[in-house]
Amino acid sequence: MAGNNNDRGQEQVSEALISLKGVTKEYQKNSQWIEAVSGCDLDIAKNEFLVIVGPTGSGKSTLLKLIAGFEKPEKGEVLLDGEPVNGPGSDRGMIFQEYALLPWRTVLQNVELGLEFQYGKRAENRELAMEYIDMVGLSYATGKFPVEMSGGMKRRASLAMILVTKPKILLMDGPFNALDSKTKLTMHTEITRIWEHEHNTIIFVTSELDEAVKLSDRIAVMNSEGRISKIFTNDLPRPRFGKAALEPEFHHRFIELREKVMNEVKAGAGKSVCDYGA
Ligand SMILES: Nc1ncnc2c1ncn2[C@@H]1O[C@H](COP(=O)(O)OP(=O)(O)OP(=O)(O)O)[C@@H](O)[C@H]1O
């Protein structure tokens with residue numbers, strides 16, 4: 001079974017925060033039923049930064065939606081702290097590729113909205129919103145509307161909107177796709193800093209292997225059959241930015257892991273599109 005074909009990464013999770021047990025999700029596509037996710041077993045530890053990679057259509061987004069509770073499995077179960085997930089909850093915050101900002105609200109008003117949904121209008125919402133806007137480095141732009149902001153600023157604002165509600169689990173689906181490389185680098189530093197500060201558990205989908213190796217504790221590879229073919233443990237020391245990343249030994253290990261993951265993705269791509277580059 002695919003879930004058993006794991007690297008030692010799977011063995012290291014002694015106490016799982018999230019457990020997927022034999023999870024299968026089917027969709028009807030072109031009048032046929034397909035298994036978008038097929039018999040997945042996966043344990044994710046508290047405070048872990050897990051990155052999921054795989055070819056197009058391998059079920060990465062579907063796996064996140066199952067953990068978020070937006071989708072229900074046909075077979076198997078998703079457990080959170082040992083309890084079955086029956087729907088979305090404030091303990092899980094999902095960040096999509098698209099921005100979730102309301103165009104007629106400023107940064108501050110958008111971030112406050114997250115709190116209003118959860119707690120209603122309260123005096124302390126503004127102060128808390130400001131704290132998280134500061135955390136994502138946007139304090140200079142609290143009064144700006146989405147139309148006045150760059151892609152990077154909108155990502156930051158979306159991140160603050162979710163983070164302010166303090167979800168213990170962050171589900172991030174290609175959150176930094178389509179950002180220019182400089183902004184992406186800043187976002188990588190920021191999300192790592194926030195994760196270290198807030199101690200949340202992050203499950204992050206990407207189509208970029210550099211991003212996967214830079215951010216992860218472990219990397220789960222999905223294949224064209226919707227299965228997890230392998231889980232790699234990422235032993236690279238942190239921090240992984242700036243001077244540390246320029247050390248020859250670090251660079252060598254970085255490339256080595258990237259290659260291994262790349263080979264696994266390619267091996268599992270089948271006929272599906274594999275846009276992970278050379
Ligand atoms: N709501 C849906 N209805 C029908 N089919 C769906 C639905 N959502 C996903 N699928 C199909 O399920 C499979 C897995 O989709 P999913 O979006 O999870 O893959 P992915 O790995 O995230 O892909 P990508 O990297 O292209 O975003 C694909 O074949 C997709 O077309």
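Note that ligands are numbered from 1 as they come in the structure, with each ligand's atoms numbered from 1 the same way.
Only the backbone of Q28 comes within 4.0 Å of ligand 1, judged by heavy-atom distances.
Of the options Q32, E71, E74, E35, a side-chain hydrogen bond (donor to acceptor under 3.5 Å, both in side chains) to Y27 is made by E71 and by none of the others.
Side-chain contact between T62 and L66: present, with at least one pair of heavy atoms (C-beta onward) separated by less than 4.5 Å.
Remark: the S216 side chain and the N234 side chain contain an N/O donor-acceptor pair separated by less than 3.5 Å.
Any N or O atom pair closer than 3.5 Å counts here, and G54 shares no such pair with ligand 1. On a distance-only criterion, I34 and ligand 1 share no N/O pair closer than 3.5 Å. At under 3.5 Å, not a single nitrogen or oxygen of E71, backbone or side chain, sits near a nitrogen or oxygen of ligand 1.
When the heavy-atom distances from atom 31 (O) of ligand 1 to K65, K25, K29 are ranked, the shortest goes to K29.
Listed by atom number, the atoms of ligand 1 under 4.0 Å from A36 heavy atoms are 12 (O), 13 (C), 14 (C).
The pair R122-E116 does not count as a salt bridge, with every side-chain nitrogen at least 4.0 angstrom from each carboxylate oxygen. Under the 4.0 Å criterion applied to side-chain N and carboxylate O atoms, D210 and R258 are assigned as salt-bridge partners.
Ring geometry for F204 versus F49: interplanar angle of 30 to 60°, hence tilted.
At least one heavy atom of P55 sits less than 4.0 Å from an atom of ligand 1. In this structure, S207 does not count as a contact residue of ligand 1, since none of its heavy atoms falls inside 4.0 Å of the ligand.
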